[in-house]
Colleague: 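This is the structure I have questions about; it appears just below.
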Amino acid sequence: MSNEEIAQMFLDIADFLEIENVQWEPRAYRKAALTISSLPVDIKQIYEEGKLMDLEGIGSSISKSIEEYIKTGRMSKYDSLSKKYPLDLRAFRKIQGMGPKRAYALYKKLGIRSINDLKSALESGKIRKLEGFGEKSEMQLKHNLESFMKVKEERKMLGYVIDYFEALAREMRKNGPFFSVEIAGSTRRMKETVGDLDILATSDKPQKGMEFFTGMKQVKEIIVKGDTKTSVKLDIGINCDLRIVENGSFGAAMQYFTGNKDHNVKLRKIAISKGLKLNEYGLFKGSTSIAGATEEKVYETLGLKWIEPELRENTGEIEAARKGTLPKIVKYEEILGDLHVHTKDSDGANSLEEMVAAAEGFGHKFIAITNHSKGLRIANGLDEKRFSVFNNKIDKLNEKSNIKILKGVELEILKDGSVDLSAGVLKNMDFVIGAMHQNTNMPRKELTNRLIRAIESGLINTVAHPTGRKIGERAPFDLDYESIFEACKKNDVLLEIDGFPERSDLPFDMVKLAKVYGIRFSLGSDAHRDMQLRFIRMAGAIARRGWLEKRDVVNTMDYKDIQRLKR
DNA sequence: GCCGTTTTCGGCCCGACTGTTTTCAGTCG
């Protein structure tokens, strides 16, 4: 049982109800599904605390369904509907242009239940003869089915594609018939993963703008093309939407296309409550636009302070903007260095000198080299002897280096919570990251105690990638995070935000939770080669999305103050 | 089915594009 499973069941129910032309309920179930799939904790835990109804979009009826499923492993509403409509909606949902109604029409008329059924029906040419379908629909479905089979459309990790995105926007600015070109959407919010790229432009020649865009070498395929909206598939396998608006609407459009959806819905409701209407073209009183050229004016007219894009997730930022209590989140340029970097002395690809030179190129003031310790054999971890030789090398390099190199280690936290290097060696280190890499499938209580013992040892500065999750690969550790946070606070131990894309750990929602405990954070790229130093930006993004301020992030301090951190 | 800065009842975001339609339904974001 997982949050995702329950979320999928609710999405199925929403589709079933849509087939039955039920009004509004599909929306309610979809909202509940979204809430559940984005929970940072197991929903069972929330159920056990009796707090299901506190969740957004979950009321008495849906919470009863969740309870039934947790207790019995079945959900009667889902069971009866899925019996009535035996369709593989989960697969169909992933095919562009295949909504619940079309799926049902195909089932009713041709008995299509699965992807395979759909495939053979398409091959036999039966679909084009159906009422409501035609040759073009059939072609389109064929095409979209193919791309579904080829790549199971997945989200990309932003850390890997953001440079490509920005280069694309730069090229449009430089050579296209646009006044301005800006990236919006989840990229602007700096979400860890993105499903597509949203670009917004202004131009007095929208048609020419769209021509230019669809003719770019990165564009592999045109999905839809109009004067204001065009969607394409890019060569890196991700869709890109371009919207062109007039200058007077640019702020409203930036607001609208930055999202997220819930944030926007709430803003529109505020507009309605003031007798106004908000859409991507502006904020309107009747048919008169009273704001729209800038985002600031749109927010201001709604009685809100402008909200940083990274905060726009409808997790309290609108209320804070109304009350004027928004945090002054840490700026990217306030992050002065990187506190988690490897060299080829353990499992990195570049030498110490190369990494330091690259860090200087990135504008860092300092960098902590944190190679693995001996317990992590697979990563060629260093023992006491190798560390003392390596640290001497750092001392020497520091004499001529333009940036400060901190002596660090990513220290293995063993099964019993002890660590694998002697206190003597650790004393000479500037920055110690404690990490669990092995035997992490222990029961929750044991794993929690193991980590707490390390936190209380007085030997580590920070807990590396605290949840251990890897996006799309590995689930987070089964830990009692509240106890971990309490222990960190009590012992003045930091939590790391690891910006390596697959890790993105702590995740931003847990950063926000941990901040409440008064914990401070260290940011690291976890770079294993020079170019990966760029991932510090992603760590900064998570910090911002977690509402952290400058004082919450030790990377904003002078290196001398980092050396003086308590251990 | 959910929710409350009008409301415990009566609303629920809204516009673009496409295809198969002679005026709109379905899908998407």
Side-chain angles (χ1 to χ4, degrees), chain A residues 10 13-19 21-35 52-66 77 92-106 127-141 144 153 184-186 194-198 200 206 210 222-231 239-245 249 252-253 255-284 302-304 314 318-319 322-323:
Chain A
F10 285 150
I13 291 176
D15 282 354
F16 294 141
L17 294 171
E18 196 138 311
I19 291 170
N21 279 316
V22 175
Q23 296 292 301
W24 311 118
E25 276 185 56
R27 174 180 297 194
Y29 276 100
R30 291 203 177 102
K31 186 165 180 67
L34 186 70
T35 297
L52 280 180
M53 300 260 285
D54 294 354
L55 297 174
E56 184 137 351
I58 294 184
S60 62
S61 176
I62 289 184
S63 69
K64 280 206 185 78
S65 286
I66 297 170
K77 179 153 187 147
F92 290 149
R93 268 202 290 279
K94 292 180 189 155
I95 299 174
Q96 286 254 337
M98 188 76 164
K101 299 239 171 122
R102 295 183 112 185
Y104 180 62
L106 292 174
I127 289 178
R128 74 180 72 178
K129 297 187 190 108
L130 297 178
E131 192 191 330
F133 292 81
E135 204 161 336
K136 280 199 169 173
S137 303
E138 187 180 88
M139 294 287 286
Q140 198 130 64
L141 277 176
N144 292 337
E153 301 261 342
S186 44
V194 293
D196 63 4
L197 170 64
D198 291 299
L200 198 62
M210 291 307 186
I222 299 166
I223 300 167
V224 294
K225 190 173 175 186
D227 281 354
T228 61
K229 178 189 171 176
T230 289
S231 294
N239 289 356
C240 176
D241 291 345
L242 171 64
R243 307 283 300 228
I244 297 180
V245 298
S249 295
Q255 194 290 308
Y256 182 85
F257 292 108
T258 298
N260 74 358
K261 199 172 171 182
D262 287 343
H263 177 95
N264 286 354
V265 168
K266 198 166 260 183
L267 283 198
R268 286 178 182 216
K269 285 183 180 164
I270 292 174
I272 292 167
S273 75
K274 293 179 182 294
L276 307 171
K277 188 177 83 166
L278 178 63
N279 59 29
E280 58 262 57
Y281 300 108
L283 187 57
F284 293 89
L302 292 173
L304 305 172
N314 188 30
I318 293 174
E319 293 73 10
R322 187 184 288 135
K323 285 185 260 169

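Chain naming here is simple, since letters A, B, ... match the order of the sequence lines and numbering starts at 1 in each. Nothing here was measured: the structure is a model prediction, and the numbers come from that model.
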Colleague: A:Leu276 CG to B:dC14 P: how many Å, rounded?
Modeller: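 After rounding, the reported distance stands at 12 Å.
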Colleague: Take the protein atom NZ of A:Lys129 and the nucleotide atom P of B:dT20, then report the distance between them rounded to whole Å.
Modeller: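 Going from A:Lys129 (NZ) to B:dT20 (P), I get 15 Å.
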Colleague: Among the candidates B:dC17, B:dG19, B:dG1, find the nucleotide nearest to the side-chain atoms of A:Tyr29.
Modeller: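 In terms of side-chain proximity for A:Tyr29, the closest of B:dC17, B:dG19, B:dG1 is B:dG1.
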Colleague: With P as the reference atom in both, quote the distance from B:dG26 to B:dT20 in angstrom, rounded to an integer.
Modeller: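 To the nearest whole Å, 14 Å.
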Colleague: Can you find a side chain N or O atom of A:Gln140 that sits less than 4.0 Å from OP1 or OP2 on B:dG19?
Modeller: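 True: A:Gln140 side-chain N/O within range (under 4.0 Å) of B:dG19 OP1/OP2.
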Colleague: Starting from C1' on B:dT5, measure out to NZ on A:Lys274 and report it in whole angstrom.
Modeller: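 For the pair A:Lys274 NZ and B:dT5 C1', the rounded distance is 9 Å.
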Colleague: In whole angstrom, give me the gap between the P atoms of B:dC17 and B:dC12.
Modeller: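 Comparing P positions in B:dC17 and B:dC12 gives a spacing of 25 Å.
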Colleague: If you restrict it to nitrogen or oxygen atoms, what contacts under 3.5 Å exist between nucleotides 27-29 of chain B and the protein, and what is each distance?
Modeller:
{"unit_1": "B:dT27", "atom_1": "OP1", "unit_2": "A:Gly99", "atom_2": "N", "d": "2.9"}
{"unit_1": "B:dT27", "atom_1": "OP1", "unit_2": "A:Gly99", "atom_2": "O", "d": "3.1"}
{"unit_1": "B:dT27", "atom_1": "OP1", "unit_2": "A:Arg102", "atom_2": "N", "d": "2.9"}
{"unit_1": "B:dC28", "atom_1": "OP1", "unit_2": "A:Gly97", "atom_2": "N", "d": "2.7"}
{"unit_1": "B:dG29", "atom_1": "N2", "unit_2": "A:Tyr256", "atom_2": "OH", "d": "3.2"}

Colleague: Rounded off to whole Å, could you give me the CE-to-C1' distance for the A:Met210 and B:dA16 pair?
Modeller: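 Value for this atom pair: 11 Å.
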Colleague: Between B:dT23 and B:dG29, how far is it from one C1' atom to the other, in whole Å?
Modeller: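 Here B:dT23 and B:dG29 have their C1' atoms 24 Å from each other.
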Colleague: According to the salt bridge (Lys or Arg N to Asp or Glu O under 4.0 Å) rule, which pairs have a member within residues 255-272 of chain A, sequence neighbours left out?
Modeller: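 The answer is A:Lys31-A:Asp262, A:Lys266-A:Glu319.
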Colleague: Can you tell me if A:Ser137 touches the phosphate of B:dT20, counting only side-chain N or O atoms and a distance under 4.0 Å to OP1 or OP2?
Modeller: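 Result: yes.
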Colleague: Taking the P atom in each of B:dC14 and B:dC9, what is the distance between them to the nearest angstrom?
Modeller: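 Rounded to whole Å, the distance is 25 Å.
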Colleague: Which whole number of Å gives the distance between the C1' atom of B:dG10 and that of B:dG15?
Modeller: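 Pairwise C1' distance, B:dG10 against B:dG15, rounds to 24 Å.
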Colleague: Assign each of A:Lys77 and A:Arg268 to its nearest nucleotide of DNA chain B by heavy atoms, then name whichever residue's nucleotide is nearer the 5' end.
Modeller: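 Its nearest nucleotide being more 5', the pick is A:Lys77.
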Colleague: Rounded to the Å, how far apart are A:Asn264 CG and B:dC12 C1'?
Modeller: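 Whole-Å distance recorded here is 16 Å.
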Colleague: Between A:Ile272 and A:Gln23, name the one whose nearest nucleotide on DNA chain B is closer to the 5' end.
Modeller: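 Its nearest nucleotide being more 5', the pick is A:Gln23.
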Colleague: Within this structure, what is the CD1-to-P distance between A:Ile270 and B:dT5, rounded to whole angstrom?
Modeller: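 Whole-Å distance recorded here is 10 Å.
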Colleague: Test side chain to side chain contact (heavy atoms under 4.5 Å, CB included) on A:Arg102 and A:Ser137; report intermediate values, then the result.
Modeller: CA-CA 11 Å; A:Arg102 295 183 112 185; A:Ser137 303; 3.4 Å; yes
Colleague: With rounding to the nearest 0.5 Å, note down the distance linking CD1 in A:Ile62 to NZ in A:Lys77.
Modeller: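 The NZ atom of A:Lys77 is 8.5 Å from CD1 of A:Ile62, to the nearest 0.5 Å.
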Colleague: Can you tell me if the side-chain N/O atoms of A:Asn279 get under 4.0 Å from OP1 or OP2 in B:dG15?
Modeller: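 Affirmative; the distance criterion is met.
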Colleague: Got a sec, which residues hit ring pair (Phe, Tyr, Trp, His ring centres under 6.0 Å) with A:Phe10, two or more places apart in sequence or on another chain?
Modeller: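 Only A:Tyr29 meet the ring pair (Phe, Tyr, Trp, His ring centres under 6.0 Å) criterion with A:Phe10.
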Colleague: Would you give the length of the straight line joining atom NZ of A:Lys225 to atom OG1 of A:Thr230, rounded to the nearest 0.5 angstrom?
Modeller: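 One gets 6.5 Å once the value is rounded to the nearest 0.5 Å.
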Colleague: For nucleotides 2-4 of chain B, which of its nitrogen or oxygen atoms have a protein nitrogen or oxygen under 3.5 Å away, and what is each distance?
Modeller:
{"unit_1": "B:dC2", "atom_1": "OP1", "unit_2": "A:Gly59", "atom_2": "N", "d": "2.7"}
{"unit_1": "B:dC2", "atom_1": "OP1", "unit_2": "A:Gly59", "atom_2": "O", "d": "3.4"}
{"unit_1": "B:dC2", "atom_1": "OP1", "unit_2": "A:Ile62", "atom_2": "N", "d": "3.1"}
{"unit_1": "B:dC2", "atom_1": "OP2", "unit_2": "A:Ser61", "atom_2": "N", "d": "3.4"}
{"unit_1": "B:dC3", "atom_1": "OP1", "unit_2": "A:Gly57", "atom_2": "N", "d": "2.7"}

Colleague: For A:Gln96, is there any backbone N or O sitting under 3.5 Å from a side-chain donor or acceptor partner on A:Asn144?
Modeller: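 Looks like yes, one N/O pair under 3.5 Å.
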Colleague: Starting at CD1 of A:Ile19 and ending at P of B:dG26, how long is that distance when rounded to a whole Å?
Modeller: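 About 12 Å, once rounded to whole Å.
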Colleague: Kindly write out the residues that satisfy side-chain contact (heavy atoms from CB on, under 4.5 Å) with A:Lys101, not counting sequence neighbours, or none if the list is empty.
Modeller: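 Per chain and number, A:Lys101 pairs via side-chain contact (heavy atoms from CB on, under 4.5 Å) with A:Glu18, A:Asn21.
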Colleague: Checking all strands, does A:Asn144 fall into the base, sugar-phosphate, or nothing category for heavy-atom contacts under 4.0 angstrom?
Modeller: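 Contact class for A:Asn144: none.
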Colleague: Can you name the residues that form a ring pair (Phe, Tyr, Trp, His ring centres under 6.0 Å) with A:Tyr281, not counting sequence neighbours?
Modeller: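 For A:Tyr281 there are no ring pair (Phe, Tyr, Trp, His ring centres under 6.0 Å) partners, ignoring immediate neighbours.
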Colleague: At what distance, to the nearest 0.5 angstrom, does CD of A:Glu280 lie from CD of A:Gln255?
Modeller: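 CD of A:Gln255 is found 10.5 Å from CD of A:Glu280.
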Colleague: Taking the same atom, P, in B:dT27 and in B:dT21, what whole-Å distance lies between them?
Modeller: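 Pairwise P distance, B:dT27 against B:dT21, rounds to 15 Å.
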Colleague: Nearest 0.5 Å please: distance from the CE atom of A:Met98 over to the CD atom of A:Gln140.
Modeller: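 Taking CE in A:Met98 and CD in A:Gln140, the distance rounds to 13.0 Å.
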Colleague: Donor-acceptor pair, A:Ser63 side chain versus A:Met53 backbone, under 3.5 Å?
Modeller: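 Not at all, since once roles are kept as given, no pair shorter than 3.5 Å links the two residues.
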Colleague: Who does B:dT8 pair with, Watson-Crick or G-U, both distances under 3.5 Å?
Modeller: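 Partner of B:dT8: none.
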Colleague: Students often get this wrong, so: under 4.0 angstrom with heavy atoms, is A:Glu138 touching a base, only sugar-phosphate, or nothing?
Modeller: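 Touches nothing.
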Colleague: Nearest-Å distance, OH (A:Tyr104) to C1' (B:dG26)?
Modeller: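 The answer, rounded to whole Å, is 17 Å.
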Colleague: Using the C1' atom as the point on both nucleotides, what is the distance between B:dG11 and B:dA16, in whole Å?
Modeller: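 Nearest-Å result for B:dA16 against B:dG11 at atom C1': 25 Å.
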